[in-house]
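Please read the structure below before turning to the comments.
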2 protein chains.
Amino acid sequence: MAKISDVAREAGVSVATVSRALNDHPNVNPEYADRVRAAAAKLGYRPNGIARSLRRQSSDVIALIISDVSNPFFTAITRGVEDVAQRSGYSVLLCNADEDSAKEATYLRVAEQEQVAGVILSPHMAGSDVSRLRGANIPLVVIDRPLNEPVDSVMVHSREGAESATNHLLDAGWTRPACITGPEEAATAQERLQGYLEAVRQHGNLDELFVHAPFRQHGGARAASELLDAEVAPDALFVANAQMTLGVLDELKRRGLRIGRDIGIITFDDAPWAPFISPPMSVVAQPAYDIGAQAAQLLMERIRGTAPAERRQLTLSTTLIVRESSQRSWGMR
Amino acid sequence: MAKISDVAREAGVSVATVSRALNDHPNVNPEYADRVRAAAAKLGYRPNGIARSLRRQSSDVIALIISDVSNPFFTAITRGVEDVAQRSGYSVLLCNADEDSAKEATYLRVAEQEQVAGVILSPHMAGSDVSRLRGANIPLVVIDRPLNEPVDSVMVHSREGAESATNHLLDAGWTRPACITGPEEAATAQERLQGYLEAVRQHGNLDELFVHAPFRQHGGARAASELLDAEVAPDALFVANAQMTLGVLDELKRRGLRIGRDIGIITFDDAPWAPFISPPMSVVAQPAYDIGAQAAQLLMERIRGTAPAERRQLTLSTTLIVRESSQRSWGMR
DNA sequence: CGAACTGAAGTAATCGATTTCTGGAGCCTA
DNA sequence: TAGGCTCCAGAAATCGATTACTTCAGTTCG
C-alpha cells in the first residue's frame, strides 16, 4: 500500500503538504494541491485509517450494539441508524451482543479500542457497565432499554403499549388473558408486564397470569407450554416480543389450539410476517426505524458537540394494529 | 485513559518492559511482571487497540459484509461466523451493504482502513472490486455469491435446490409453474432461475415463465403481480428468496387467491415464520449457519497462515422441506 | 527603509503501542 | 583474567498519519 510519504515523493513536496492538500486545509497553493491529488490518484493512495485515528483520537465509524440480530425489530432500527449516519459521513459497525452480557462487554471493549466516534447501545441490563466509554470520552446513546446512567436515550412507551394490547384483548371478549414476557432483568420485559398487570387490575377480579422467559422462540414455546398446562389455562395471550410469538405459535399448533376460537393472541412488534400467518396477527407496533434514526441523530449532535450538556430522553409511542388473531369472532360463523 | 507510560511509571519500569510483561514474552523477570500486572490493574489500563494495530499492522476483528440485515438467511450466517470467530478470539463487525454496490464499496474501504484481520463478504455482484483488500494483504472469504477472483468461497448448490423445488411443484400436480427470481446481476438469482428452467425443460412443452425483481418484499409483490396479470397466468410459483415471498403473499392475498387451491408456492430459504403461515410454506432450506461457520473457519486458517496456497471452494447442499403450500390437495376435501 | 505581518512550505513532535537495538551484570571457560 | 555467553532491562526506532512550530519570501505600512 502506498503511504503518504510515497505520495509526497511522487509529488515532490513534503508529507505535511500532502496531508493538508488532501484534507483541503486553507493556505495550500492550488497548483501543489493539484499535483498532490494527481500523485495520490496515480499511486492509488488511501490514508491509513488506523494511523489517522491514532493521531486524531477518533474515527468516522460508529458502533451499534444490538441485543439480537435475528430480531427484525433490531434490524429495522439498524436501517434507521444507517440512513442518518451515512448522511453525516459515518459508517456503522453492527455488533450482535446476542442477549449476552459477556458479548456485550466484549463489543464495548472493541468500540473503545477502535476509538469509534460514538456508540448506540441497547443494553442487556440496566446495570451494563459503560464506564470505559465515558473514560474514553466516547459519546453514547442508549436505545430500547434504560441504563442506570444519565445518558441520552430513545425509548418506547412499552407500558402503555402493553396496557392497550391487554385492554384490547379484554374488550374483544377474552376473559382470562395471560402475559408472556422476557427475562426479569430486561426492563422492557418488566414494563410490558406492568402494562399487562395494570390493565388486568383495572378490570377487577381477574387472575394475574404471567411467565418470564428468554426473548427467543424457544422461550415463547416454553412459556406458552407452562401457561397452558396450568389447571385453569388462559384463553388469551399477550406476548412481549415477536420472536417469542413464533415459539408460542409452535406450541399452539402442537396442541391443536385454534387461534381466534380457542385462544386469542396479540404480540409486541410488527414483524414482516405478522399479516401473513393465519389468522393475521394483531400487534403493538414499535416505530423501530424512527428509534434508530432518532438515536443516530442524537449521537451525531453529541459527536459534533452541538448537543446541550444535559441528557435528552425521547420516548416514542407504539401503535396498536388490530388484525384477527386477537378477535373472538374469527373462525366462528 | 491510562496509557502504557502511566503503567510504566506506576510500576517503576520502562514501557518496553510493560509491553513485554503484558504480552507475556519470555525473558521477563517474574517479579517485574507481577508488579506490572498490579500497576495495570490498579490504573485500569487497557492497551489502545488503534496504536497496537498501527504497530502490528493488523487487529483482532474481522468484518462480515452481508447483503441485507433484514434477511434472516444472512443473520443466520452471522451466528455461524460469530461462533467460530469468537472461539478464536476474534470479534465480528457486521456491515450491511444493503444490496447496494456503493455501500459495499464503502464498507470494503472501512475494512481496509481499519486493518481488520480478515473479511467475509457476500458480494453484490461477481464484479465487485476487492483489489484493495488484496493490496492491503487482508484475507477474504466469499459467501453465497461468487466473485470473479480466485478466493476461498462457501456457496450453496442453488441450481440443484431450485431444480428440485420446481420438480416438486410439477410432481405435486401443478401444470404451469413460474419463477420469481432476484435481479439479473445477482448470481444466485441466475442459478435459481437456471434450476427452474432445467426442470421445466425436462418436463417438455411447458412455458418458461419468470421475472427478475429486487430480492425484497416489494420486489416479490411486483413480480407476482406481473405474472398474475399475464394472459395465461401461472398456477404455481417458485420464489427465489424469503423476503420476496412475503411480497408474493401480500399480492396473493390482495387478489384473493388461495394457496394450495388456486396456486401453489415454494420458496428458497427456511425463514422462521415459514411453518406458521397458512398453509405452511414449503421451502428449499439453505444451511445458513454452516455457511457462516465454514467461511469463518476458512478465514481463520488464512489469517493464521495455515491454509494451503490454492483457493478452497466449498459448496453445501440445500434441503427440500415439503410442507403444504406446494401441495395441490390442501384445502380440497 | 525597516518593522510587522501574511501566506505557504518544510521540519519535527505527536498519538500509544511494539520491537529492535544496545548495554550491563553475572557466569563459565580457556 | 580476558573473552564469550546468556538474561534482562532500558533507550530508541517504528507504524503512518496530523499538526504545532519554524522558516522564508513577499507585502504592507508607519
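Treat the numbers as computed from the prediction; the structure is a model and nothing was measured. A note on names: the letters A, B, ... follow the listed sequences, proteins ahead of strands, and every chain is numbered from 1.
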Derivation of the salt bridge (Lys or Arg N to Asp or Glu O under 4.0 Å) call for A:Asp129 and A:Arg134: CA-CA 10 Å; A:Asp129 178 22; A:Arg134 320 192 113 243; over 6 Å; no

I want to check one thing: is the phosphate of [N], taken as OP1 and OP2, less than 4.0 Å away from some side-chain N or O of [X]?
X       : N      : value
A:Ser19 : D:dT18 : yes
A:Tyr45 : D:dA17 : yes
B:Asn23 : C:dT18 : yes
B:Asn29 : D:dC7  : no
A:Ser14 : C:dA9  : no
A:Asn27 : C:dA8  : yes

Please give, in whole Å, the distance from [N] [atom2] to [X] [atom1]?
X        : N      : atom1 : atom2 : answer
A:Lys3   : D:dT18 : NZ    : C1'   : 16 Å
B:Gln57  : C:dA17 : CD    : C1'   : 12 Å
A:Leu22  : D:dT18 : CG    : P     : 8 Å
B:Gln115 : D:dA17 : CD    : C1'   : 12 Å
A:Ile50  : D:dT14 : CD1   : C1'   : 16 Å
B:Asn48  : C:dT14 : CG    : P     : 17 Å
B:Arg56  : C:dG16 : CZ    : C1'   : 13 Å
A:Ile4   : D:dA17 : CD1   : C1'   : 6 Å

Which one, [options], comes nearest to the side chain of [X]?
X       : options                : result
B:Leu54 : C:dA8, D:dC15, D:dT18  : D:dC15
B:His25 : D:dT19, D:dC15, C:dT19 : C:dT19
A:Val13 : D:dA12, C:dT18, C:dG10 : C:dG10
B:Val28 : D:dG16, D:dA9, D:dA17  : D:dA9

Most 5' of B:Pro30 and A:Ala2 on DNA chain D, judged by nearest nucleotide: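 Nearer the 5' end of the strand: B:Pro30.
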
First of B:Ala16 and A:Arg46 reached from the 5' end of DNA chain D, by closest nucleotide: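 With B:Ala16 and A:Arg46 compared, the 5'-side residue is B:Ala16.
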
Is [X] salt-bridged to [Y], going by a charged N under 4.0 Å from an acidic O?
X        : Y        : value
B:Glu149 : B:Arg311 : no
B:Arg145 : B:Glu99  : yes
B:Lys42  : B:Asp6   : no
A:Arg312 : A:Glu301 : yes
A:Arg79  : A:Asp290 : no

Sugar-phosphate only, base, or nothing, as touched by A:Thr17 at under 4.0 Å among non-hydrogen atoms: sugar-phosphate

B:Arg20 or B:Ala51, whichever maps to the more 5' nucleotide of DNA chain C: B:Ala51

B:Arg55 (side chain) and D:dG16 (base): donor-acceptor pair under 3.5 Å: no

